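Side-chain atoms are counted along with the backbone in the values below, which use heavy atoms only and exclude waters and symmetry mates. In this text the structure is predicted, and so the values were computed from the model without any measurement. For reference, positions follow the sequence shown, starting with 1.
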Amino acid sequence: MNLVKAGLRKRTTLLVIIAALANKARMDIETHPTTAAKELVLEAQLLGVTRNHQAIEGKLKLVSEAIKKLKISSQFKKKKKKSCL
């Protein structure tokens, strides 16, 4: 596996982890990314870290995009397996 693919895989894994944690926290990052970002800014401040909500919102949008792509990819692989049987 080349370095670009490895880096992309790590990034995707981190985005999936963020999605899972947001889901566990009942944060709707897909339809309300601004609200979720503002909540995360407050949580980050409790950790002693400051970030603006626009920066966090941008990353949350990447999370949603990654999840959508993975779902599509997963559905395609399932259909491909069924057609090969």
For residues 11-22, run the donor-acceptor check on the side chains, cut-off 3.5 Å, and write out each pair with its distance to 0.1 Å, sequence neighbours left out.
from, atom 1, to, atom 2, distance (Å)
Thr12, OG1, Leu8, O, 2.9
Thr13, OG1, Arg9, O, 2.9

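Inter-residue side-chain proximity for Glu30 and Leu60 is flagged as unmet; no heavy-atom pair is nearer than 4.5 Å.
Atom CG of Leu47 is separated from atom CG of Leu42 by 11.5 Å, given to the nearest 0.5 angstrom.
Each salt bridge (charged side-chain N to carboxylate O under 4.0 Å, His left out) pair with one or both residues in residues 37-66, not counting sequence neighbours, appears once here: Glu57-Lys61.
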